[in-house]
Amino acid sequence: IIYPGTFDPIHNGHINIAHRASHLFDELIFVVAVNNEKTTLFTAAERERLISESTGHLSNVRVKSYDGLVVNYAKESGAIGIIRGLRHVSDLEFEFQMAMMNYNMAPEITTIFMMPSEKYVHLNSSILKDIAKLEGDVSEYVPVYVLEQLQSKLNS
Ligand code: ADP
């Protein structure tokens, strides 16, 4: 199964989903979006490294960067489906459209929505970066390694 996203940076909401999915599927591949419209704080290589360091305890989790269509990567890698996280009902509108377009392009690839534990429902990478920039405490929401890299990036 693949788990695509920007992951700028990975946080505990993503890890919560990866942890659950890694028990349900043989292998989970994080697919880091290289060229999307979002301006990122971390490069794709840095985001990849943050994910590997944060998921090292999950033996069937891998990470790849990709700059094409997610369904094409799913087909190339032999994945059966795509995991997307759902936080609020408001996520559903966009996610539903994307899932339908992906079904049209690749009917054999199934989109699966998963919800994180309640604690992480309000968490997203943008808010996390905003709080960290203003020197707020985000240690509850990211692994220690990500916290260190975030602080060093924001202070550089
Ligand atoms: P974000 O910047 O909002 O974290 P990403 O593009 O990095 O967004 O998200 C990648 C995938 O992870 C998406 O499917 C997204 O819905 C999901 N996701 C993002 N935040 C969370 C969270 N707090 N809990 C569960 N899934 C999440």
Side-chain angles (χ1 to χ4, degrees), residues 1-25 27-55 57-58 60-74 77 79-103 105-106 109-134 136-143 145-147 149-150 153-154:
I1 200 92
I2 62 168
Y3 184 25
T6 314
F7 307 108
D8 185 45
I10 186 169
H11 53 61
N12 291 344
H14 298 131
I15 295 168
N16 185 263
I17 297 287
H19 187 252
R20 288 160 191 267
S22 72
H23 289 306
L24 294 170
F25 301 97
E27 186 176 44
L28 173 83
I29 309 173
F30 274 85
V31 181
V32 176
V34 178
N35 284 325
N36 62 13
E37 289 130 41
K38 293 188 192 171
T39 309
T40 58
L41 179 65
F42 293 97
T43 65
E46 288 168 339
R47 285 178 276 144
E48 233 186 273
R49 176 91 200 274
L50 292 170
I51 297 171
S52 344
E53 294 286 336
S54 308
T55 58
H57 58 295
L58 301 170
N60 59 344
V61 172
R62 288 199 291 130
V63 194
K64 282 273 173 217
S65 292
Y66 191 67
D67 66 358
L69 271 178
V70 164
V71 283
N72 287 345
Y73 182 79
S77 62
I80 58 163
I82 300 169
I83 298 250
R84 295 291 295 171
L86 275 188
R87 289 160 289 191
H88 297 274
V89 175
S90 54
D91 279 346
L92 189 64
E93 197 171 327
F94 173 74
E95 292 295 339
F96 188 78
Q97 283 179 342
M98 197 157 72
M100 289 304 132
M101 288 307 287
N102 285 340
Y103 279 143
M105 290 186 282
I109 306 292
T110 302
T111 299
I112 295 162
F113 294 117
M114 293 182 71
M115 287 160 286
S117 299
E118 197 181 358
K119 187 171 177 201
Y120 305 120
V121 153
H122 305 298
L123 182 58
N124 73 56
S125 300
S126 306
I127 293 179
L128 191 73
K129 284 179 284 187
D130 286 347
I131 298 173
K133 266 180 215 158
L134 299 170
D137 180 10
V138 293
S139 56
E140 224 182 300
Y141 301 113
V142 286
Y145 179 75
V146 175
L147 185 65
Q149 298 303 310
L150 190 57
K153 183 67 110 177
L154 292 171

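Treat the numbers as computed from the prediction; the structure is a model and nothing was measured. Note that ligands are numbered from 1 as they come in the structure, with each ligand's atoms numbered from 1 the same way. In what follows, residues are counted from 1 in the order of the sequence shown.
Checked by atom type, the side-chain pair Ser139/Asp137 shows a donor-acceptor distance below 3.5 Å.
Of the polar atoms of Gly5, none of the N or O atoms is found under 3.5 Å from an N or O of ligand 1, judged by distance alone. At under 3.5 Å, not a single nitrogen or oxygen of Asn124, backbone or side chain, sits near a nitrogen or oxygen of ligand 1. The N/O atoms of Tyr120, backbone and side chain alike, include one that comes under 3.5 Å of an N/O atom in ligand 1. Considering backbone and side-chain atoms alike, Phe7 places an N or O below 3.5 Å from some N or O of ligand 1. Ligand 1 has no nitrogen or oxygen under 3.5 angstrom from a nitrogen or oxygen of Glu95. For ligand 1, one of its N or O atoms has an N or O atom of Leu123 under 3.5 Å away. Looking at ligand 1, you won't find any N or O of Asp8 less than 3.5 Å from one of its N or O atoms.
Here Arg87 has side-chain heavy atoms under 4.0 Å from ligand 1, and that is the only part of it that gets that close.
Residue Ser125 has at least one heavy-atom neighbour below 4.0 Å for each of these atoms of ligand 1: 1 (P), 2 (O), 4 (O).
For Tyr73, the ring pair (Phe, Tyr, Trp, His ring centres under 6.0 Å) partners at least two apart in sequence or on another chain are Tyr66.
Going from atom CZ of Phe30 over to atom CG of Leu58 covers 8.0 Å, rounded to the nearest 0.5 Å. Between Ile112 atom CD1 and Ile80 atom CD1 the span is 6.0 Å, to the nearest 0.5 Å.
Under the 4.0 angstrom criterion for non-hydrogen atoms, Pro4 is in contact with ligand 1. Ligand 1 has Ile17 within reach: a non-hydrogen atom of the residue lies less than 4.0 Å from it. The closest approach between a heavy atom of His11 and any atom of ligand 1 is below 4.0 Å.
A salt bridge links Lys153 with Glu46: at least one charged nitrogen is closer than 4.0 Å to a carboxylate oxygen.
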